[in-house]
Structures are given as C-alpha cells and as structure tokens.
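Have a look at the structure below before the remarks.
Below, chain A is the first sequence line, B the second, and so on; all start at residue 1.
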Amino acid sequence: MNKCRFAKNLNSYLDDQLTDERKLEFEQHLKQCRSCEEELTQLKLLSKRLQDWQAPLLGAGFDSAVKNQIVREELERGEVKMKKKNWAVLVPSGVLAGILVFLVVGHTVVKQGMPGKLSHNDRVFTGEPYEPYYLAGDFKKEKELAENLVAISPRSGNQAVYGGSSARQTRSDYYSEGASLGVVDDSRSRAFAKGITGNEEFGYKDKSDLNRKTEMDYAFSRGVAPAESAPGIDGPVIVVSPTLPATGESEKIIRSAQIRLEVEDGKATYKKAFFICQDLGGYLASSNFYKDNSGREIGQVLMRIPKDKFIIALDKLAELGKVVSSSTNSQDVSQDYANLKSQLDATMVVYNKMMEALQKKQVSIDQAARLESELTPVLAKVQGLKNQIDALNNAVSFTSISLEFYEAQVSSKVLSESRNAIQENMLKAKINSVRYFAELIPSAVPVVAGIVLLVVGLLLLKMLISHLFKRG
Amino acid sequence: MQNKTDVELMLEYQSGEALAMDELLARYKNPVYHFALRLSRNVAEAQDITQEVFLRVHRDRYFYRPTGKFSTWIFSIAHNLFISRMRKARWMVLWPRKSEDSDELIDVESPDPTPLETVANDDFNQVLKQCIQALPFLQREALVLREYQKLDYEEIARILHKPLGTIKTLIFRARSALKDKLLPYIKESKGGSHE
C-alpha cells in the first residue's frame with residue numbers, strides 16, 4: 001500500500017485531470033518517489049489492459065428499430081395521425097367552410113343591403129335603423145324614386161335643431177303654423193318647396209317626379225301622410241332632393257342634421273368626430289360626454305360644418321358606428337333675407353336723404369338739430385338690420401350637425417370587462433377553496449392516520465391468522 | 001448534418017428536423033450500447049436499454065436545454081434508466097409475483113455468455129469482466145465512463161449526480177480493487193510477453 005501523501009493524485013494525473021501547476025509539482029515528486037512511480041506504472045498497465053475488452057458494434061437494424069418504435073409511439077399518442085389530418089382533412093373542410101360562409105354572407109348582403117353604408121345617390125334616412133325604404137313595398141315602383149330621393153322621417157322634421165332666433169324656425173313648424181292660421185296656401189307651399197329644391201337642375205328626371213316630391217313635401221308640412229309615401233314605414237315621409245341642393249347667391253337656406261349612432265367605443269368615436277369636424281373646416285359648437293349607470297359611454301356633439309361639406313360630413317359620421325337614426329332639415333330664409341335687405345335699402349334711402357338735407361347750406365340750426373335727432377334712430381335701425389343680415393349669412397354658410405352616440409348595450413368592451421370580473425371572481429373562489437382545504441388538513445391528518453393504522457392492523461391480523469392456520 | 005455539433009443536431013431535432021435523429025443515432029448508438037453492455041454484460045439487456053435511451057431522447061426532446069454537452073445528457077439518461085431498473089429489480093425481490101427466482105431479477109447479467117462473447121473473450125478478458133462485474137455499481141459506472149467513454153471527472157459527476165470528490169474516490173477505489181485482483185495476471189502476461 002502506497003503511504004505517500006501524493007498517492008491520492010495518481011489517478012487524477014493518469015486521467016490528466018490535474019491543473020498545470022499541480023501536474024508539474026506531481027511530476028517533480030515522481031522523480032523522487034519510487035513507490036508513486038511504480039504505482040503509476042501499474043495503473044497505466046491496468047488502464048491499457050482494460051482497453052482489451054472490445055465490445056461488439058450494434059447491427060444495422062438497430063436504427064430502423066428505434067425509428068419504428070418512435071413512429072409507433074407517436075401513432076399511439078396521435079401525433080402522426082394529427083399531422084395527416086392537418087393536410088388531408090382540415091384543408092378541404094376549411095375550404096368548404098369558407099365557401100359556406102361566403103354564400104351565407106353574400107345572400108344576407110344581397111337581401112338586406114350593406115348596413116350603415118349609404119351612398120350619395122340613394123341615401124335613406126328613416127326612423128327605423130337600416131330599413132331600406134325601397135325594399136319595404138313594391139320594389140320596382142319605389143326603386144325609381146329611391147335612386148334619386150332622400151327620405152326623411154317626419155319626427156326629425158318636427159325637431160328644432162337649435163333654438164334662439166325666431167328666424168330659425170323649422171320649415172315644418174312654419175307651415176303648420178301658417179296652415180292653421182290660413183295664411184299659407186297650397187300654391188305658396190308648393191312655390192316654397194320649389195324654391196328650396198329647385199327643379200330639373202337638381203336631378204329630377206321629369207315633372208311627375210318633381211310633382212310627387214312637392215306633394216309629399218306639402219303633405220308632410222300639414223302633418224298628413226302622403227299616399228305615395230314608402231309603404232311599410234310608419235308615418236309620413238318627406239322627400240327632398242337627392243344631392244345637396246345648390247344654394248346660389250340668391251338662395252339662403254339653413255341646413256341642419258341629426259344623426260344617432262350605436263358605437264363600440266364611445267371615447268374613440270368622440271375623438272374621431274372631433275377630427276372629422278376639424279378636417280372639414282368646421283368647429284364644435286357644443287359637446288357633452290358621460291357614462292351611464294351601466295358604464296356605457298354616451299356623447300352628444302353639435303358641430304358646425306361649412307355648407308359645401310355637409311353631405312361629406314354626414315357620410316363620414318355614419319361610418320363611425322351603426323346608424324340608429326338620421327335626419328336632415330332645411331330652412332329657407334331667402335324671403336327673410338330679402339325682406340331685411342329691402343328694409344335696409346329703404347332705411348338707407350331715408351338716411352341718405354336726411355344726410356343730403358343736413359349738408360345743405362340753407363338749413364337753419366333748429367332744422368339741423370331736428371334732423372340730427374331724427375337721424376339717430378335711423379342709424380340704429382340700419383345697424384340692427386345689418387347685424388341681422390350678418391347673422392343670417394353665418395347661419396347659412398355653416399350647417400349644424402347634431403351627433404348623438406352611445407355604446408351598444410353589450411359592447412365588446414363591456415363584455416371584456418365582465419369577463420375580467422368573472423375571472424377575478426373565479427380566482428378568488430379558487431383561493432378560498434385552497435384556504436378551506438388548508439384549514440381542513442389539521443383535522444384530516446389524524447383521520448387518515450387512523451385509517452392507515454386500522455388497515456395495517458387488519459393486514460397483520462390476517463397474516464397472523466394465516467400463519468397460525470399453516471402451523472395447525 | 002455531419003459537420004454539425006451534437007447540440008446543434010439536438011436543437012434541430014427539437015424543432016422538428018427528423019433527419020437529425022439519424023445523425024445522433026450514428027454518433028451515439030455504439031457508445032451508449034457499450035456503456036450499457038459493460039454495466040450489464042447482457043447483450044439483450046444492453047440493446048434494450050440503448051433503444052430505451054433513444055426513445056427517451058425523442059420523448060424528452062422539448063425538455064432538452066443546451067447548457068452542457070449532449071454526451072452528458074444522453075449518458076445521464078442511460079444512468080437513470082439503469083437506476084430505475086435496479087430499483088424495480090430490488091422491489092421485485094421484496095415482492096416477487098411472477099417468479100420465485102430472485103437472482104434472475106437482481107442480477108442483470110445473463111448466466112450464459114452469448115456465442116459472440118465466447119468467441120471474443122480469452123482468459124484474461126473473462127477475468128477482467130468478472131472483476132469489473134464484482135465492483136459496486138457506482139464504481140463500475142464511474143470506471144466505465146472514464147476508461148471507455150473517456151469522459152472527464154466533471155462530466156461523470158454530472159451524469160451520476162455526485163460531487164467531484166466522490167467521483168475521484170469512486171475511480172480510485174475501482175482501480176485499486178481491479179489492480180489488486182488483476183495485477184498477478186498483468187504481471188504474468190507482461191512476463192510472458194517478455195519471454
């Protein structure tokens with residue numbers, strides 16, 4: 001037995017597992033220690049002889065046996081089967097499902113039309129959301145009309161878009177009032193309607209169309225449902241021109257619209273509406289944004305849009321969500337404007353004459369003083385008339401659009417919030433159940449231990465009895 | 001494929017490249033088989049274990065992490081298989097169900113050498129095998145990994161899940177035991193060869 005203190009390093013040196021420093025030290029020692037040198041020689045010899053045990057190599061069939069086994073295992077687990085299924089079954093079934101969906105969606109679109117998407121030429125405004133006007137009754141009969149006309153619900157026609165000046169009275173109110181007083185006759189209302197909408201230049205194909213429109217317009221103004229109004233739609237329908245009636249320099253028309261949307265995200269809609277208004281060169285007159293008790297976001301925005309961007313604004317706003325209702329309203333103030341203008345002209349004539357008289361050299365001081373005192377109210381009247389004309393011009397050049405929006409009753413946001421709440425509740429329930437079981441452990445351990453002891457005791461008893469019987 | 005390292009091949013196999021397994025089989029089937037054969041001395045048992053090792057490589061491919069050498073991982077699988085088989089055999093001794101012959105279950109060595117072994121072995125080899133088989137299992141395993149697989153001590157320590165110092169001790173004791181038993185044969189053989 002080698003008693004040398006370096007003997008423990010022999011194996012590590014042989015296996016080249018020593019650090020360079022310790023290896024050098026050991027080699028120095030080997031030169032001096034005979035026993036270590038001898039043992040190292042023996043170990044080298046042993047190691048060399050150990051290599052004599054040559055094991056046979058594996059046969060060529062081993063690889064395929066392993067791979068077969070792997071494939072068999074995968075088949076048992078269903079991995080390979082699934083792979084085949086992916087291409088062989090899932091692809092054709094996916095294609096079939098796609099065709100089916102395409103057919104169903106296509107059929108729905110053809111039958112109902114695209115919801116919330118209205119073109120310039122067949123824009124339909126009704127009290128019911130997405131109820132196509134021309135599909136409600138005889139399609140062929142109404143199609144011709146629907147191509148060119150815009151239907152407006154009577155309810156919206158009676159709504160005052162904004163209050164304030166008496167000059168901003170809605171047309172329907174004006175006519176109802178006039179008819180009841182017997183002031184406005186049929187010819188005037190017809191002439192008024194004609195004045196608003198023009199005739200051939202607004203796209204009417206023939207006189208009959210124009211007449212029908214005018215009659216419906218007038219019937220509405222009297223609160224009577226026109227006979228030719230769209231069947232299937234509750235209440236009378238007023239029809240105005242299909243496109244924005246061109247308001248010439250002589251025509252003064254105040255336009256307004258109301259649009260009501262059901263949206264997914266209230267806040268996002270509010271922002272988008274603001275940007276639409278800004279992009280079209282308009283401004284927000286007022287806005288209101290709040291959440292109701294169920295957490296739905298609701299908003300009302302009154303925006304002023306330049307008159308030439310009116311239809312564009314309506315189109316863009318309709319794209320923000322599902323259009324629940326939409327209405328437009330027009331008020332012709334040409335007559336008022338003309339009246340104001342003539343009043344101003346007349347007052348200016350008086351004013352000019354008074355000024356001429358005042359500037360004459362023959363006028364005495366008393367006369368001059370009297371003229372000046374009479375001139376002051378005339379000047380005030382001139383200024384007042386000018387202000388009224390400016391206000392009217394402003395109302396005409398900027399249309400008013402009132403946008404109301406609210407989140408759907410079960411919007412995706414509300415759904416996700418509810419889902420989160422349910423998940424939180426489930427997590428709490430899990431934690432509570434774990435706590436409950438943790439509390440049960442101290443009382444359950446003695447019971448389990450008792451059962452185990454009982455079972456062991458019974459087994460021992462059985463062994464003892466069988467042992468005694470064997471002996472017997 | 002042939003230019004790639006073991007780790008690269010395993011990572012490819014992990015990502016679904018089935019051809020990587022062919023190369024891994026080509027590189028490691030014989031080392032694993034020899035390791036199993038030297039520990040069990042039973043060709044059928046060794047083949048069975050080798051096949052099981054590669055099946056485990058396949059099954060556990062997603063758990064493989066390239067933190068060390070691939071050889072360490074695969075020999076570690078083989079070691080774990082041996083341990084579980086030994087435990088099973090020990091349990092079977094304590095609770096024999098099928099057979100009353102416990103020796104057959106404890107000792108994985110087959111009683112009769114195969115024809116291949118008979119042809120290949122001479123007297124010294126027979127003694128050598130008997131001496132190696134007589135070693136305790138861990139000493140035998142450490143010695144085989146060092147002498148035949150040429151793994152360094154740290155790798156062996158990782159495979160056997162033992163500290164480095166324990167591995168040194170295991171190898172030292174294994175060699176000492178073999179040296180004591182085989183030295184007369186080695187000297188005889190050396191003397192004979194000189195004569």
*asked:* Ring centroids only, cut at 6.0 angstrom: are B:Phe70 and B:Tyr28 within range, meaning strictly under it?
replied: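 Yes, close enough.
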
At a 4.5 Å cut-off on heavy atoms, which part of [X] comes close to chain A: side chain, backbone, both, or neither?
X        : answer
B:Glu52  : neither
B:Thr169 : neither
B:Lys168 : side chain
B:Arg175 : both

For A:Glu21, look at atom CD and say whether over 12 heavy atoms of other residues, nucleotides or ligands are found less than 6.0 Å away.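 Counting other residues, nucleotides and ligands, CD of A:Glu21 stays at 12 neighbours or fewer.
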
Quiz prompt | Whether over 12 other heavy atoms sit under 6.0 Å from B:Arg59 CZ | solution =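 Yes, enclosed.
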
In terms of heavy-atom proximity below 4.5 Å to chain B, should A:Gln69 be classed as side chain, backbone, both, or neither?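 Backbone plus side chain of A:Gln69, per the 4.5 Å heavy-atom cut-off to chain B.
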
B:Tyr148 side chain to A:Gln51 side chain, donor-acceptor N/O pair below 3.5 angstrom: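 There is no such pair between these side chains.
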
Exercise. Output the option from A:Asp16, A:Leu43, A:Leu14, A:Val66 having the highest count of non-hydrogen pairs under 4.5 Å with chain B.
Key: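 Option with the top pair count is A:Val66.
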
Self-check item: Between B:Leu178, B:Leu25, B:Ile132, the one whose heavy-atom pairs under 4.5 Å with chain A are most numerous
Solution: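 When all of B:Leu178, B:Leu25, B:Ile132 are compared, B:Leu25 has the most.
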
Quick one: of B:Met21, B:Gln47, B:Gln51, who has the most non-hydrogen atom pairs under 4.5 Å with chain A?
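Highest number of pairs under 4.5 Å: B:Gln51.
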
Salt-bridged, B:Glu23 to B:Arg27, with N to O below 4.0 Å?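 Yes, B:Glu23 and B:Arg27 are salt-bridged.
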
Checklist entry - Could you walk me through whether A:Lys67 and B:Asp22 pass the salt bridge (charged side-chain N to carboxylate O under 4.0 Å, His left out) check? => result CA-CA 9 Å; A:Lys67 280 188 259 180; B:Asp22 294 350; 2.9 Å; yes

